[in-house]
Each structure stands twice: as structure tokens, then as C-alpha cells.
Visitor: 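After the C-alpha cells below, expect a handful of questions from me.
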Amino acid sequence: MRRLLPEPPARTDPWEAYADVPGVRVGMVMSVDGSATDAEGWTDGLGGEADFRVFRTLRALADVILVGAGTARTGRLGPARLGSGLRHRRGGPPAPIAVVSRSLDLDWTLPLFTAAETPTIVVTSRAAAAASRTPEAVRVVTAGEEDVDLRAGVRALRAEYPRLLCEGGPSLVGSLLRKGLVDELCLSVAPTLLGGDHHTRLVSGLPAEVALDPAAVYLDEGVLFLRYAVART
């Protein structure tokens, strides 16, 4: 990939481009006309192989990967895996995926919960944890009484996993931004106008403006990779 900002332009690889990991990073992809999902309602068809390289690198650099329950319920989110090159650079197995769920209404037979090399975590409320039975292989982190206290959940995760990567969905990202928990937004802009009726907002539930400071811009196979520092609210 080619760095455009900061100057001077230079060639680099994704690991070097993203290695200075902040505490809480959001990584997402969108089309030029603003959709965070492709025509199938997922992200696979947007950024191509260039985005997949960055996606895999962001995961390899993270200590824990945070996703919303809606993303987990699609059944398309498998356990994190690492190729030999990234495994060597990371120095160990992949980071665990942590699913934020208010209700724990999840399909425990999915590979995300049954076939993860590093056991999957669920972040939920104490009430939901007490009312539900989770598989022994799944670790439960409680935060909040009747509802998930996202601030407490992130704090509990980062006490053990300092570098957190959130991959969405839009509601979870909006909640993290609303509570001032995000340090950096890593946005891949795919060179396509999606059109049609399948647009998904990048962020939802954000009632006020959040200032972003462009930190770096990269270009690879037509995809723009943008790093923004996020102003804490």
C-alpha cells in the first residue's frame, strides 16, 4: 500500500501502517456513497483483497475484537484466525472475539462459540448472565445490572486486553462514540457506488457531531484507507 499522508508519500505494508495501536480502535469499511454493507447485507463485497489485508492486520494487532450481538446472530462471523505470517508477527494465537449482548439470545452452536482457537467472550448484564446458561467454553464478562454498561464492559476487557478493536455493527460503534470510548477510526473506502436499497449506515444512534482529526491516508488497489483520531467527548 502507498502512504499519501503524512508526507512524503511512501510504500509500506499494513502492519507498519497500523502498528501504533491506540487503546480503542474502530475498523470499518464503506462504499463511496456511504453504505457499510454490500448488496448482500454484509461487508465481503466492498473492499476486496486490499481491505481484507488490512482487516486481518487490524485483528492481528488487537488484543480483543469487539462486535455487537446482531453481527454474531448473522452466523457469518466465525472465530478469528491467523495465517502463518501474521501469527508469526503477532507472536501467538488470534485475539478472542467479545460479543456485546443485552439478552444473551445467541446461538451457542455457531462456530464462533464452538470452534474458536481463543475462546469467545460475551459481555452482558448481571441480570442476563444470571438468567441464562452459557457454554463452559464461553467466558462471560458482566457489566451493568439490567442493561449492559458499555463503559464498564470496555474497562473490564481492557484491564486484561489493552488494545481493543471494534468491528461494529453501526449501533455498537455509535454507542462507543457516544460514550467517548473511541480513540481511532480506521475507515476503508471502497471504490464503488453501491446504489440500490441495501444501504447500511456506518454509525447509528449518534445524536451530536464527533470531531475527527485525519492522521494518515493510504491507497491500495483503489481502496482508500483513512485513519482518524477521534476527539474524546
Side-chain angles (χ1 to χ4, degrees), residues 24-29 36-38 40-47 51-84 86-87 90 92-144 147-150 153-154 156-176 181 186 188 200 202 204:
V24 179
R25 170 182 267 173
V26 171
M28 299 187 79
V29 61
T37 57
D38 58 24
E40 302 301 321
W42 199 242
T43 60
D44 299 22
L46 285 179
D51 180 60
F52 280 130
R53 284 193 291 270
V54 169
F55 168 81
R56 289 188 290 261
T57 299
L58 292 180
R59 283 189 160 197
L61 287 164
D63 296 317
V64 66
I65 301 159
L66 195 67
V67 300
T71 300
R73 290 190 189 105
T74 65
R76 298 184 65 171
L77 179 70
R81 304 189 189 281
L82 289 178
S84 59
L86 285 175
R87 182 179 290 263
R90 176 178 170 81
I97 291 178
V99 180
V100 180
S101 174
R102 181 184 297 108
S103 65
L104 287 184
D105 179 19
L106 299 166
D107 182 355
W108 303 115
T109 68
L110 291 172
L112 175 63
F113 302 111
T114 63
E117 180 180 355
T118 307
T120 296
I121 300 167
V122 291
V123 181
T124 192
S125 67
R126 293 181 181 85
S132 304
R133 296 184 64 181
T134 56
E136 290 185 4
V138 176
R139 180 178 171 188
V140 179
V141 173
T142 56
D147 202 353
V148 176
D149 182 335
L150 195 55
V154 167
L157 287 173
R158 292 197 59 217
E160 186 171 350
Y161 307 103
R163 301 176 300 182
L164 187 152
L165 170 68
C166 177
E167 295 180 347
S171 178
L172 178 58
V173 173
S175 296
L176 289 169
L181 297 172
C186 296
S188 305
T200 301
L202 187 73
S204 62

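A quick note: this is a predicted structure, and the numbers were derived from the prediction, not measured.
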Visitor: For residues Arg73 and Leu106, determine if any side-chain heavy atom of one lies less than 4.5 Å from a side-chain heavy atom of the other.
Guide: yes
Visitor: How about Phe113 and Thr134: do any of their side-chain heavy atoms sit closer than 4.5 Å?
Guide: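 No, too far: nothing below the 4.5 Å cut-off.
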Visitor: Look up atom CG in Asp38 and atom CG in Asp44, then write down how far apart they are to the nearest 0.5 Å.
Guide: 6.5 Å
Visitor: Do Tyr161 and Leu66 make a side-chain contact, defined as non-hydrogen atoms from C-beta onward lying under 4.5 Å apart?
Guide: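 A side-chain contact is absent here, since even the closest heavy-atom pair is not under 4.5 Å.
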Visitor: Identify the heavy atoms of Gly75 and Leu110 that sit nearest to each other, and give their distance.
Guide: CA-CD2, 4.0 Å
Visitor: Flag the pair Asp147 / Ser125 as yes when at least one side-chain heavy-atom distance between them is below 4.5 Å, and no otherwise.
Guide: no
Visitor: For a quick test of reading the model, state the closest non-hydrogen atom pair linking Leu82 to Pro93 and the distance between them.
Guide: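 Reported closest heavy-atom pair: CD1-C, 4.0 Å.
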Visitor: If every non-hydrogen atom of Ala69 is compared with every non-hydrogen atom of Val99, which pair is closest and at what distance?
Guide: CA-CG1, 3.8 Å
Visitor: Enter the distance from Leu164:CG to Arg25:CZ here, rounded to the nearest 0.5 Å.
Guide: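 Reported to 0.5 Å precision, the distance equals 11.5 Å.
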Visitor: For the pair Arg56 (side chain) and Arg81 (backbone), establish whether a donor and an acceptor sit closer than 3.5 Å, ignoring hydrogens and angles.
Guide: no
Visitor: Which side chain to side chain donor-acceptor pair (under 3.5 Å) pairs, counting each pair once, include a residue from residues 110-120, with sequence neighbours left out?
Guide: Arg87-Glu117
Visitor: So how far is it from Arg59 CZ to Ile65 CD1, rounded to the nearest 0.5 Å?
Guide: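 Arg59 atom CZ to Ile65 atom CD1 measures 4.5 Å (nearest 0.5 Å).
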Visitor: I'd like to check Glu167 versus Thr43 (side-chain heavy atoms, cut-off strictly below 4.5 Å). Are they in contact?
Guide: no
Visitor: If you take all heavy atoms of Thr124 and Ala128, which pair is closest and at what distance?
Guide: OG1-CB, 3.3 Å
Visitor: Are Arg76 and Glu40 ion-paired here, with the side-chain N under 4.0 Å from a carboxylate O?
Guide: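 Judged by the 4.0 Å cut-off on N to carboxylate O distance, Arg76 and Glu40 do not form a salt bridge.
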Visitor: Please report the closest heavy-atom contact between Pro119 and Ala137, naming both atoms and the distance.
Guide: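 That closest heavy-atom pairing would be CB-O, 3.3 Å.
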Visitor: What's the shortest heavy-atom distance between Gly153 and Ala143, and which atoms?
Guide: N-CB, 3.4 Å
Visitor: For Val173 and Leu202, what are the C-alpha separation, side-chain angles and deciding distance, and is it a side chain to side chain contact (heavy atoms under 4.5 Å, CB included)?
Guide: CA-CA 8 Å; Val173 173; Leu202 187 73; over 6 Å; no
Visitor: Hey, could you give me the CG/CG distance between Leu86 and Leu61, rounded to the nearest 0.5 Å?
Guide: 8.0 Å
Visitor: Can you find a pair of side-chain heavy atoms, one from Val154 and one from Val24, that are under 4.5 Å apart?
Guide: yes
Visitor: Nearest 0.5 Å please: distance from the CG atom of Asp63 over to the CZ atom of Arg90.
Guide: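 Spacing of CG (Asp63) from CZ (Arg90) equals 6.0 Å.
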Visitor: Measure the CG-OG distance between Leu150 and Ser175 for me, rounded to the nearest 0.5 Å.
Guide: 6.0 Å
Visitor: Should we say atom CZ of Arg163 is surrounded by more than 12 heavy atoms from elsewhere, each under 6.0 Å from it?
Guide: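 Enclosed.
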Visitor: Taking the side chain as everything from C-beta on, heavy atoms only, tell me whether Thr71 gets closer than 4.5 Å to Trp42.
Guide: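 With C-beta onward as the side chain, the pair touches.
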